[in-house]
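Report on the structure given below.
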Amino acid sequence: MPINPPKVDAHVIPIFPASEESSQQHDVDFDLINCFPVGDVNVVDDVETKMTGIEVNGDDSYIEFPVQSEERCLALQLKNLDRFTKIVVRVHDSAGKNRTFIMSNKRTTVHLKNSVCQLPMEIGTGWQYFNIDFGDITAKCFGTEFVYISNIMIYGSTRIGKIYFQDREYSDLELPPFMRLLPSL
């Protein structure tokens with residue numbers, strides 16, 4: 001069942017961690033964040049960031065987040081575990097169609113067929129921040145307007161630190177403290 005997470009402010013919607021309270025816990029309740037882990041998916045404490053994260057290990061392992069967000073940007077903080085990672089996002093557009101975007105560091109070229117767009121994704125060493133503007137890529141790939149995101153799936157081998165929606169890219173200082181990528185000084 002899709003969730004409509006509470007907005008932290010007018011334009012940022014946290015998915016993981018789901019709230020300030022849950023960001024301070026070292027035990028993640030998968031039911032609370034409304035996700036479906038499949039395969040080798042574990043809660044880990046990251047030594048570098050001193051945060052609790054979700055680690056997905058193996059080609060057949062994934063975590064799925066059924067959501068419904070009209071915010072056009074998906075922000076992710078992921079740690080490269082030197083293996084293949086794939087992010088699948090389902091978008092609904094102004095033509096009333098479901099579009100699927102598949103981003104992978106295994107892919108080197110863009111492939112567009114019917115309602116599926118496969119995109120290469122470069123993941124550097126260690127922790128990486130991604131801000132994906134689905135308003136922009138929906139228009140460029142399909143010539144339609146983005147309406148909302150209904151599903152996010154993360155496959156392969158990666159560690160997830162943060163996932164949230166935003167109407168535009170915000171600087172770290174504009175985010176609520178628990179959503180910041182850098183620790184507060």
Between Phe146 and Arg72, is there a cation-pi geometry (under 6.0 Å to ring centre, at most 45° from the normal)? no
Surrounding CD of Glu145 (heavy atoms of other residues, nucleotides or ligands, distance under 6.0 Å), is the total greater than 12? no
Donor-acceptor contact present, side-chain Asn105 to main-chain Thr85, <3.5 Å: yes
Of all pairs that satisfy ring-ring contact (aromatic ring centres under 6.0 Å, His included), the ones with a partner from residues 102-131, not counting sequence neighbours: none
With a 4.5 Å heavy-atom cut-off, do Leu76 and Ile87 have their side chains touching? yes
For the pair Asn42 (side chain) and Val44 (backbone), establish whether a donor and an acceptor sit closer than 3.5 Å, ignoring hydrogens and angles. no
Do Val91 and Val147 land in one hydrophobic cluster if side-chain heavy atoms of ILVMFWY residues count as linked below 4.5 Å? no
Is the distance from the ring center of Tyr164 to that of Phe178 below 6.0 Å? no
Are Val116 and Tyr155 grouped together when hydrophobic residues (ILVMFWY) are joined by side-chain heavy atoms under 4.5 angstrom apart? yes
Surrounding CD of Glu48 (heavy atoms of other residues, nucleotides or ligands, distance under 6.0 Å), is the total greater than 12? yes
Nearest-0.5 Å distance, OG1 of residue Thr138 to CG of residue Asp136: 8.5 Å
Fit a plane to each ring of Tyr148 and His92, take the angle between them on a 0 to 90° scale, and name the class: parallel (under 30°), tilted (30 to 60°) or perpendicular (over 60°). parallel
Hey, is Glu174 close enough to Arg168 for a salt bridge, meaning N to O under 4.0 Å? yes
Taking atom CE of Met51 and atom CD1 of Ile160, what is their separation to the nearest 0.5 Å? 11.0 Å
To the nearest 0.5 angstrom, please state how far the CG atom of Asn131 sits from the CD atom of Gln77. 13.0 Å
Heavy atoms only: give me the nearest Leu173-Arg180 pair and the separation to one decimal. O-NH2, 3.2 Å
